[in-house]
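First comes the structure, then the notes that go with it.
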Amino acid sequence: MSPMMNDPAAIYEILVRGVIDHSWEEYFNGLSIRLTRATNQPPVTTLTGPVADQAALRGVLGKLWDLNLTLLALRLIEAESTEEVQND
């Protein structure tokens, strides 16, 4: 079985255009927040951390939508490994 988006041990990296202050980490269920500013480019905020399941991921994305932030990327970084079960 391959890792799925609703794996309870899934760690995600979410990039959005705009600024989210570190004080919002609790609002985003403890995801760490890192701001990147490049010369002549809009700021990019990266949220990283474990997301309980697909419903929780949808909740985080909904909060970003409510803040009118543009989603740039969503990436599954790590998921709990599971053994494949073979039926013979």
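Note: F28 and W24 have tilted aromatic rings, judged against thresholds of 30 and 60 degrees for the angle between ring planes.
Placement of W65 and I14 in two distinct hydrophobic clusters is found when ILVMFWY residues are connected by side-chain heavy-atom separations under 4.5 Å, directly or transitively. Cluster annotation: L61 is connected to I20 through the hydrophobic network of ILVMFWY side chains, with a link wherever side-chain heavy atoms come within less than 4.5 Å. In this structure, I77 is not a member of the same hydrophobic cluster as L72, with clusters built from ILVMFWY side-chain heavy atoms closer than 4.5 Å. Neither L69 nor V44 shares a network with the other; the hydrophobic side chains, linked directly or stepwise wherever heavy atoms of I, L, V, M, F, W or Y lie under 4.5 Å apart, form separate groups for each. In the hydrophobic cluster analysis, where Ile, Leu, Val, Met, Phe, Trp and Tyr join through side-chain heavy atoms closer than 4.5 angstrom, L71 is grouped together with L76.
Contact of the T48 side chain with the L31 side chain is not registered, since no non-hydrogen atoms from C-beta on lie closer than 4.5 Å. Contact of the P43 side chain with the L35 side chain is registered, since non-hydrogen atoms from C-beta on lie closer than 4.5 Å. For the pair T46/E13, a side-chain contact is recorded, criterion being any heavy-atom separation below 4.5 Å from C-beta on. Residues L15 and L74 form no side-chain contact, since every pair of their non-hydrogen atoms from C-beta on lies 4.5 Å or further apart. Using a 4.5 Å heavy-atom cutoff, the side chains of K63 and N29 are in contact. Considering only heavy atoms from C-beta on, T70 stays 4.5 Å or farther from V16 through its side chain.
Rounded to the nearest 0.5 Å, atoms CD1 (I33) and CD (E25) are 5.0 Å apart. Here CG of L64 is found 13.5 Å from CZ of R17. Values are rounded to the nearest 0.5 Å.
Residue D21 places its CG atom among more than 12 non-hydrogen atoms of other residues, nucleotides or ligands, all under 6.0 Å distant.
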